[in-house]
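Hydrogens, waters and symmetry mates are skipped; everything else that's a heavy atom, side chains included, is used. Chain naming here is simple, since letters A, B, ... match the order of the sequence lines and numbering starts at 1 in each.
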Amino acid sequence: MKSPPLRGDSCSGASMDLTDRLTEGVRTALAKAGLPEPETCAWEVPRQAEHGDYATNTAMTLARAARRAPRQIADLIVANFPPLAEVERLEVAGPGFLNVFLSPAWCVGSLREILAAGPAYGRGAAEAGQRVRLEFVSANPTGPLVIVNARAAAVGDALARLLRAQGARVTTEYYVNDAGNQFEALARSFEARVAQELGEPVTLPENGYPGEYLIALAREYLEEYREREGGAPRDRRERTDLDEALGLGGETRLDRLGRWAVARMVESQRRILRDYGVEFDVWASEQRDVRAAGLPGRVLAELAARGLTYEQDGALWFRSTQLGEASGDDKDRVLRRSSGEVTYFAVDVAYHHYVKFAGADRVINLFGPDHHGYVPRMRAAMQALGHPPGSFEVLIVQLVTLLREGQPVRMSKRRGEFVLMEELLEEVGRDAARFTFLTRRHDSPLEFDLAVATRQTADNPVYYVQYAHARICSIRRQAAEQGVARPPLGETDLGPLATPEEIALVKRLLQYPDLVRGAARALEPHRVAYWLQELAGMFHPYYKTHRVIQDDRRLTLARLALCEAVGQVLRNGLDLLGVSAPEAM
RNA sequence: GCGCCUGUAGCUCAGUUGGACAGAGCAUCGGACUUCUAAUCCGAGGGUCGCAGGUUCGACUCCUGCCAGGCGCACCA
């Protein structure tokens, strides 16, 4: 059986990015009119319908170069615009806007392409050909993950998904700071807790970690030890000396205890993140992958060879200030202390240069605001080592101010008070937590009231979006029960889709590829979250006023196709955010 | 003192990288289920975009100066 010709359908096999084709039209028109062509056109979706489906200010931005009035240029574009199936008509408005009105018939016909593309709809190649190294969370292994880590995880993971959707080869990474001062502080604190569990009255070290989680960890350690060693160590009544009890001496004992604690911490962090839906390609170790590999020494030599270091007061300094204002650092930085130890900075520079950039053209790090002062010196170092400007990017993920019934909850690992990421997930749920974090710009401080978030679970925007998807699945189930099977794509007559709500929905779906591309380019996943809310906000009213399954079989099938397309895009969008798209709620 | 981030409706936040009369959710008030899921829908009120200048056809957006809050300014990480 041959598929019947479809009214108003024109399947262009071109890419799905509508604005690309509109830009081509404008460029063609300008060339024909003998006017200069712009590199690109900035397309926006006007707030008001009278301004069309897309609008560009190209005529205005071109006015100077073309030495013509904006409106005159716009008129010439309209007069010379090639006939496109996508476009119904063009208008010049205001100071020189070019407003594009899409052809409803073409829009409706494009549903076919959306459905055919399925999960691939919205994917593109805007970031193709680049290898991206993306590091995020990287919490110190000195304590459990807290709320801000959940935010960074949501943002980082969504960024990875976004960039991959645009063709980039992304390696995600969690960097474990298992060396240096903080590691030692952890080791000493843990040692103190172990001793305490053995009955010794021990006080915690200065700058240690007083959190109770180390007590629990100490008990686990001793339990494991007893199982392994068959009973030892005994408690204070029999043995009072820790070295003797654990059969280890001094630094060896400290190091072994510290490594054990770190391994446990990292394992627990990894598990929580996995439950959150975030898995990393690489778990890097500062100790193993950088220090033990001898990278810091190599990078010091390389910087010295470039004449970028000098000795003063017994320490080795990096000439950060000589790298020009592109780096923006305001003072030189120590690479090797007078004690002979390399600084964290030196280790980091080495790691970035030899490891991260070895496999990537672009390195993106998500930092907390407490590290923003660290960025200029890193940028200076990357520049000094020959990495092009812009290849090293840092996104600052701002803090989460936690409230409970309007009262601020202080968070400090040092003081041992905090709300754990685990607790957040338990109270709010994975999807709601991720979606909430992704409805804010990453560099905007966020207030999160736990009491409100838990109380208003049903009002959370994430459920609004998910519910739209669940409803569509429900319609599909209902249709199947009633024996309304959807015919093959090519045979579906989309002609009956004609109400303003239906046309508006299809036009909305057509924006999706541009949205994804823009969000990836700007590294702003929150755009996706907002857009999805608006899409759901169009579907729910449509559902309410237009019955999908009804007597008119032709109309039913067309509407089912529309619903499937909306459901597909909701699914694709939620997937970019790492949020589930439930079939039923 | 210097640097970074933030300041938009009562609250939490968007505002498409300078566009057209400033938006959403929550909260408040008033309505809608015998029909594909009411976690929904329809309607109403709510604003000097922190303040003052400047740039231009056009500013929430860019520049300067103030005000307020957060964070940072180590031979810590």
Side-chain angles (χ1 to χ4, degrees), chain A residues 42-48 50-51 55-57 60-61 63 69-70 93-97 99 140 142 177 179-183 185 207 286 312-317 328 330-331 333-339 341 343-345 347-348 368-376 396 398-399 401 406 436 439-441 443-449 452 456-464 466-468 470-479 481-482 511 514-515 518-519 521-522 524 526-527 529-531 533-534 536-537 539-545 547-550 556 559-560 563 584-585:
Chain A
W43 292 101
E44 62 160 9
V45 177
R47 209 183 298 281
Q48 280 148 293
E50 310 91 75
H51 296 148
T56 183
N57 59 354
M60 287 178 274
T61 57
F97 287 106
N99 294 337
N140 279 318
T142 49
N177 297 119
N181 294 343
Q182 291 199 22
F183 170 76
N207 298 322
E286 175 183 347
Q312 188 182 304
D313 304 327
L316 186 70
W317 296 72
D330 56 350
K331 57 177 291 191
R333 303 293 172 176
V334 172
L335 291 163
R336 193 184 57 225
R337 286 173 268 201
S338 49
S339 67
E341 291 173 71
T343 59
Y344 179 83
F345 172 55
V347 174
D348 221 17
D370 52 336
H371 283 68
H372 76 251
Y374 183 71
V375 177
I396 301 296
Q398 285 291 336
L399 291 177
T401 307
T436 301
T439 45
R440 267 77 167 181
R441 301 175 52 89
D443 58 352
S444 166
L446 183 158
E447 278 196 10
F448 202 116
D449 193 315
V452 173
Q456 296 179 342
T457 307
D459 297 324
N460 196 308
V462 69
Y463 298 114
Y464 185 77
Q466 289 182 320
Y467 186 47
R471 268 188 156 165
I472 288 165
C473 293
S474 174
I475 295 171
R476 183 197 302 145
R477 285 191 297 269
Q478 196 70 30
E481 265 179 43
Q482 298 182 20
Q511 294 170 12
D514 279 316
L515 169 89
R521 182 178 47 83
E524 291 185 350
H526 75 276
R527 293 189 193 185
Y530 272 90
W531 190 87
Q533 287 183 69
E534 286 163 7
F539 178 74
H540 284 305
Y542 172 71
Y543 172 89
K544 207 71 182 178
T545 52
R547 198 170 163 79
V548 175
I549 302 169
Q550 51 177 307
T556 299
R559 287 186 170 169
L560 277 174
C563 289
M585 292 174 71

Could you say whether A/S338 or A/L446 is positioned toward the 5' end of RNA chain B, judged by the nucleotide with the nearest heavy atom to each?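 Result of the comparison: A/L446.
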Here's a test of your reading of the structure: between A/A179 and A/M585, which maps to the more 5' nucleotide of RNA chain B?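 Nearest nucleotide further toward 5': that of A/M585.
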Could you check whether the rings of A/Y543 and A/F539 sit parallel, tilted or perpendicular, using 30° and 60° as the cut-offs?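 Because their plane-to-plane angle lies in the 30° to 60° range, the rings of A/Y543 and A/F539 count as tilted.
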Should the pair A/F345 and A/Y374 be assigned to parallel (<30°), tilted (30 to 60°) or perpendicular (>60°) ring geometry?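 The arrangement is perpendicular - the two ring planes meet at more than 60°.
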Could you tell me how far [M] sits from [N] if I compare only their [atom1] atoms? Round to whole Å.
N	M	atom1	answer
B/A59	B/U16	P	15 Å
B/A14	B/U61	C1'	13 Å
B/C60	B/G53	P	14 Å
B/C13	B/G7	P	10 Å
B/U55	B/A74	C1'	42 Å

Between [options], which nucleotide gets closest to the side-chain atoms of [X]?
X	options	value
A/R47	B/U17, B/A77, B/G23	B/G23
A/Q398	B/C5, B/C41, B/G25	B/C5
A/R440	B/U12, B/C36, B/A39	B/U12

Looking at [X], does any N or O in its side chain come under 4.0 Å of the phosphate oxygens OP1/OP2 on [N]?
X	N	value
A/H526	B/G15	yes
A/R337	B/A77	yes
A/R441	B/G15	yes

Would a 4.5 Å heavy-atom cut-off, applied to side chains only, mark A/W43 and A/Q511 as touching?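 No, their side chains stay 4.5 Å or more apart.
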Touch check for A/A55, heavy atoms < 4.0 angstrom, all strands: base, sugar-phosphate only, or nothing?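 Base contact.
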Mind checking A/A315 for me? I need base, sugar-phosphate or nothing, with any heavy atom below 4.0 Å counting as a touch.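 It contacts base atoms.
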Whole angstrom value for the distance that separates [atom2] of [N] from [atom1] of [X]:
X	N	atom1	atom2	value
A/Q533	B/A39	CD	C1'	14 Å
A/F448	B/G25	CZ	P	20 Å
A/F539	B/A39	CZ	P	15 Å

Base of B/G19 and ring of A/F97 stacked, centres under 5.5 Å, planes under 30°: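 Base of B/G19: not stacked against A/F97.
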May I ask whether A/H51 stacks on the base of B/A20, given the cut-offs of 5.5 Å between ring centres and 30° between planes?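 By the stated criterion, A/H51 and B/A20 stack.
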Can you find a donor-acceptor pair, distance only, under 3.5 Å between A/N57 side chain and B/A20 base?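 Such a pair does not exist between side chain and base.
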Distance-only donor-acceptor test, A/H372 side-chain atoms vs B/G3 base atoms, 3.5 Å: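 Yes.
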